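Before any comments, here is the structure.
Remember, it's a predicted structure, so these values are computed and weren't measured experimentally. Labels below follow one simple rule: chain letters A, B, ... track the order of the sequence lines, proteins then strands, and each chain is numbered from 1.
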Protein chains: 2
Amino acid sequence: MQDNEKAGKFDFPRPLTTVDVVIFTIRGEALQVLLVQRPAAEGEPFPQTWALPGGFVDVAKDRDLEACAGRKLKDKTGVTSPYLEQLGSWGNAVRDPRGWSATHAYFALMADVPGAASLATDAQWFPIVGGKIRQKLAFDHGEILSAAIQRLRSKVEYTSLPAYLMPAEFTLPDLQRVYEIVLDRSLEKSAFRTRILAADLIEPIAKMRRGPNRPAQLYRLKKGKEPVYFVRTFNPPE
Amino acid sequence: MQDNEKAGKFDFPRPLTTVDVVIFTIRGEALQVLLVQRPAAEGEPFPQTWALPGGFVDVAKDRDLEACAGRKLKDKTGVTSPYLEQLGSWGNAVRDPRGWSATHAYFALMADVPGAASLATDAQWFPIVGGKIRQKLAFDHGEILSAAIQRLRSKVEYTSLPAYLMPAEFTLPDLQRVYEIVLDRSLEKSAFRTRILAADLIEPIAKMRRGPNRPAQLYRLKKGKEPVYFVRTFNPPE
DNA sequence: GCAATAGTGTCTTTCAGACACTATTAT
DNA sequence: ATAATAGTGTCTGAAAGACACTATTGC
């Protein structure tokens, strides 16, 4: 190794290094994930197949892994996510036909972008039904997506993560619905409200949401709020 | 990219890919972590400095990242760990003077190896005092170690992870002591016992630990037991 | 007996679950 | 008034916290 060092390089083969981002949102009463279609060019692995947004780390452009993830997210959605966390890494000899590769996977939560204006043209939202997605994904992205869904669900049991899936202003029933969508089971209203309000996570604003029924108080996330960890999970199934 | 593909290579520079392992054990009533001393050879970064066991992924030897972590663990301790989980990855332009590098960090839990027989000669256990370690570590390993300690502590609040720090046979007070060492606070005996026994995690064996006092029932981990997740954390501080 | 630690029991507290009840809007 | 949803209150039950109490050993 010392000799390599003196020569200013390392001769052993290096794995490919990529970053992929699992981007979740809530649209149309469903949890959805953003996928991009792989290019059709010959020589590209998995042409035309849907995949997680991601790609090679650019050692010139990317200061660090998280910046790289943020860049790919911005490229595809036009926005920066209010929540970005590392999910894990997947690396082995066979996941990419181009050689030994390791990907650093992130997962991001964002409110539904109102106009699909800023979405990249090759990107599209796909609903998650029954904890799965219909499409067969490129590489091992199906596995990565499953891990992301599992992580999201398990954290939603005892954290305030769904707050990052909400638009700037929302009601408590809105928030509860999002919890229920992600967990795929209903929660008890009264316990839910007590818990969220006790968490000092959101604050009421001087506005109500009106509808064909009793108006609901609008809230916003307290600014600079880190996710809150509850000491108990929600009523665990069975 | 297609052209590169045809040429059978990718011309852009690749980051260095490494794996590091944070190995914890309990020795002498303290949580300890295994460190190795970096080689003194000229050209090696951080000569003589203590670091986490780890190193480059070997695309010829390592089937995947976890196997690589397992290999490095085995090299340094002579044993395979009963618990190995991914901790996260750290990658940026400056953490390694040799260039843009990304490390995949794992954390492992093991019982204290009775004879230090099998420890590598350059490896040594270091106690963690007050959630920190005295040594200044190589690279960003101090940061990785802090993350590992934090992850361990937070998971110990609501999981059975400490079971993997125990020898094959142990008593309930032994296990409680390990929880208390990791969390650095005392737990209430009766609630602790109820909780662990209800978790169906351990089983009594036909043997007692004798001492200058009432003998204690010995238990062992039920085999094939995944870590158990409790629905509540332990009495959270304050 | 005494010291020391193992292990149990009892009462209190906390908080979620269930669910009924009240409140406020549009029509 | 009615439908519909927002929001509150009340009772119960599960499990932890506090802490006292009993149990079993060596000396």
Apply salt bridge (Lys or Arg N to Asp or Glu O under 4.0 Å) to B/Asp122 and B/Lys76, showing your working. CA-CA 8 Å; B/Asp122 61 344; B/Lys76 294 304 173 188; 3.2 Å; yes
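- Because its NZ or CZ atom is not both nearer than 6.0 Å to the ring centre of A/Phe126 and within 45° of the ring axis, A/Arg134 does not count as a cation-pi partner of that residue.
- Toward the 5' end of DNA chain D, the nearer of the two residues A/Pro173 and A/Arg232, judged by each one's closest nucleotide, is A/Pro173.
- Between the CG atom of B/Leu187 and the P atom of D/dA15 there is a distance of 18 Å, given to the nearest Å.
- Spacing between atom CD of B/Glu157 and atom P of D/dA16 amounts to 13 Å, rounded to whole angstrom units.
- If you look at B/Tyr219 and B/Phe170, their ring centroids are not closer than 6.0 Å.
- The phosphate of C/dG7 has OP1 or OP2 within less than 4.0 Å of a side-chain N or O from B/Arg193.
- Atom CZ of A/Phe234 and atom P of C/dA18 are 13 Å apart (whole Å).
- Comment: B/Arg95 does not engage A/Asp64 in a salt bridge, judged by the lack of any side-chain N to carboxylate O separation of less than 4.0 angstrom.
- When each of A/Leu31, A/Val156, A/Leu165 is checked for a side chain to side chain contact (heavy atoms under 4.5 Å, CB included) with A/Val178, only A/Leu165 meets the rule.
- Taking atom CZ on A/Phe192 and atom P on D/dG9, their separation rounds to 19 Å, with Å as the unit.
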For the pair B/Arg177 and B/Asp174, evaluate salt bridge (Lys or Arg N to Asp or Glu O under 4.0 Å) and give the outcome as yes or no after the intermediate values. CA-CA 5 Å; B/Arg177 240 166 268 133; B/Asp174 287 345; 3.4 Å; yes
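- Taking the six-membered ring for Trp and the full ring otherwise, B/Tyr158 and B/Phe234 have centroids separated by 6.0 Å or more.
- Listed in residue order, the members of residues 209-222 of chain B having a heavy atom less than 4.0 Å from DNA chain D are B/Arg210, B/Gly211, B/Pro212, B/Asn213, B/Arg214, B/Pro215.
- With rounding to whole Å, A/Arg195 atom CZ is found 14 Å from C/dA18 atom P.
- Atom NZ of B/Lys189 and atom C1' of D/dA16 are 16 Å apart (whole Å).
- Distance CD1 (B/Ile196) to P (D/dA15): 15 Å, rounded to an integer number of Å.
- Taking 3.5 Å as the limit, the base of C/dG7 and the side chain of B/Ser190 contain no donor-acceptor pair of atoms between them.
- Spacing between atom CG of A/Leu175 and atom P of D/dT5 amounts to 18 Å, rounded to whole angstrom units.
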